[in-house]
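I have placed the structure first, in the form of structure tokens, so that the comments after it can refer back to it.
The shown structure was predicted, so the numbers you read here are calculated from the model rather than taken from an experiment.
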Amino acid sequence: IPHTLNPPPAATISRELVALSDYLTPNETELEVLAGQDGSNIEAAARSLLTTEQQTVIVTLGAQGAQWVNRGDTKLIPTFPVEVVDTTGAGDAFNGGFAVALAEGKSLEEAVRFGNATAALSVTRPGTAPSMPRRDEVDALLISTK
């Protein structure tokens, strides 16, 4: 079972804790804090957090999507164009969707895309828990944009 770590905002995390995760999912601000550098080079900042060859950092980038970075590669997975109402909880929605996709055996790219779809739908509604989409909504968005 893969271990995912979503760091708390504006908090430092020990390298030992980071080393326990397979996936680290900071947003841009959290990446800057964790890496101790500005976010002008997302790839370099993300790579500085890697403690093992198997780890992947996935930086959530709001309207741009999410960029995954590991020792060997990086890729930006765009998000879905939606009318934004409230971004509160978007990171939680991404992480929930990403974890579901990983648990279902999807590839890294598919799991990030699923997380992006989940987050995109969540920002179209106000609130946090009430904004979380149902599975059928996420599946419909993914199918409509293939």
Side-chain angles (χ1 to χ4, degrees), residues 1-125 128 131-133 135 137-146:
I1 297 174
H3 297 89
T4 302
L5 176 62
N6 180 235
T12 56
I13 297 176
S14 72
R15 297 294 276 178
E16 293 80 15
L17 182 58
V18 171
L20 295 174
S21 66
D22 298 304
Y23 300 99
L24 183 65
T25 59
N27 64 28
E28 292 172 278
T29 303
E30 293 160 347
L31 176 65
E32 288 182 5
V33 171
L34 291 171
Q37 53 188 279
D38 71 28
S40 60
N41 188 334
I42 289 171
E43 185 177 341
R47 279 215 169 90
S48 76
L49 300 178
L50 298 172
T51 60
T52 70
E53 292 295 319
Q54 296 75 31
Q55 284 182 311
T56 300
V57 176
I58 303 157
V59 184
T60 55
L61 302 168
Q64 295 177 322
Q67 182 171 348
W68 60 264
V69 178
N70 58 32
R71 294 260 192 235
D73 207 358
T74 184
K75 185 169 185 177
L76 174 66
I77 308 297
T79 193
F80 299 82
V82 295
E83 191 169 322
V84 177
V85 173
D86 183 358
T87 60
T88 308
D92 294 330
F94 174 86
N95 280 285
F98 178 70
V100 164
L102 286 179
E104 292 177 350
K106 293 186 180 350
S107 69
L108 174 60
E109 189 167 336
E110 292 170 320
V112 172
R113 189 166 185 267
F114 194 92
N116 281 348
T118 307
L121 288 169
S122 78
V123 301
T124 65
R125 305 171 188 148
T128 52
S131 72
M132 296 299 139
R135 173 63 185 257
E137 294 173 310
V138 177
D139 289 339
L141 178 59
L142 289 167
I143 289 169
S144 73
T145 57
K146 279 198 174 185

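Closest approach of Leu141 to Thr145, counting heavy atoms only: O-OG1, 3.0 Å. The heavy-atom pair separating Ala93 from Thr118 by the smallest distance is O-CG2, 3.2 Å. Nearest heavy atom pair, residue Arg47 against residue Thr74, reads NH2-N, 4.3 Å. Nearest heavy-atom pair, Gly62 versus Thr79, reported as atom, atom and distance to 0.1 Å: O-CG2, 4.0 Å. Across every non-hydrogen atom of Leu142 and Phe114, the tightest pair is CD1-CD1, 3.3 Å. Counting all heavy atoms, side chain and backbone alike, Thr25 lies closest to Asn95 at OG1-OD1, 2.6 Å.
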Test side chain to side chain contact (heavy atoms under 4.5 Å, CB included) on Phe80 and Leu121 and set out the steps.
CA-CA 9 Å; Phe80 299 82; Leu121 288 169; over 6 Å; no

Before giving the answer on side chain to side chain contact (heavy atoms under 4.5 Å, CB included), spell out for Val100 and Arg135 the whole-Å C-alpha distance, their side-chain angles and the decisive distance to 0.1 Å.
CA-CA 10 Å; Val100 164; Arg135 173 63 185 257; 3.6 Å; yes

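Interatomic distance, OG1 of Thr56 versus CG of Leu50, reported as 7.5 Å (0.5 Å rounding). The line from CD of Glu32 to OG of Ser40 is 8.0 Å long, rounded to the nearest 0.5 Å.
In this structure, Phe98 and Leu108 have side chains that are in contact, with non-hydrogen atoms separated by less than 4.5 Å. Within the 4.5 Å cutoff, side-chain heavy atoms of Leu61 are placed close to those of Leu76. Arg125 is listed as a side-chain neighbour of Pro133, based on a closest heavy-atom distance under 4.5 Å. When side chains are defined from C-beta on, Asn116 counts as touching Phe94, because their heavy atoms get closer than 4.5 Å. Side-chain contact between Leu49 and Gln55 is absent, with no heavy-atom pair separated by less than 4.5 Å.
Without hydrogens or angle criteria, Glu30 side chain to Asn27 main chain gives a donor-acceptor distance under 3.5 Å.
Electrostatic pairing of Glu109 and Arg113 does not count as a salt bridge here, judged by no charged N lying under 4.0 Å from a carboxylate O.
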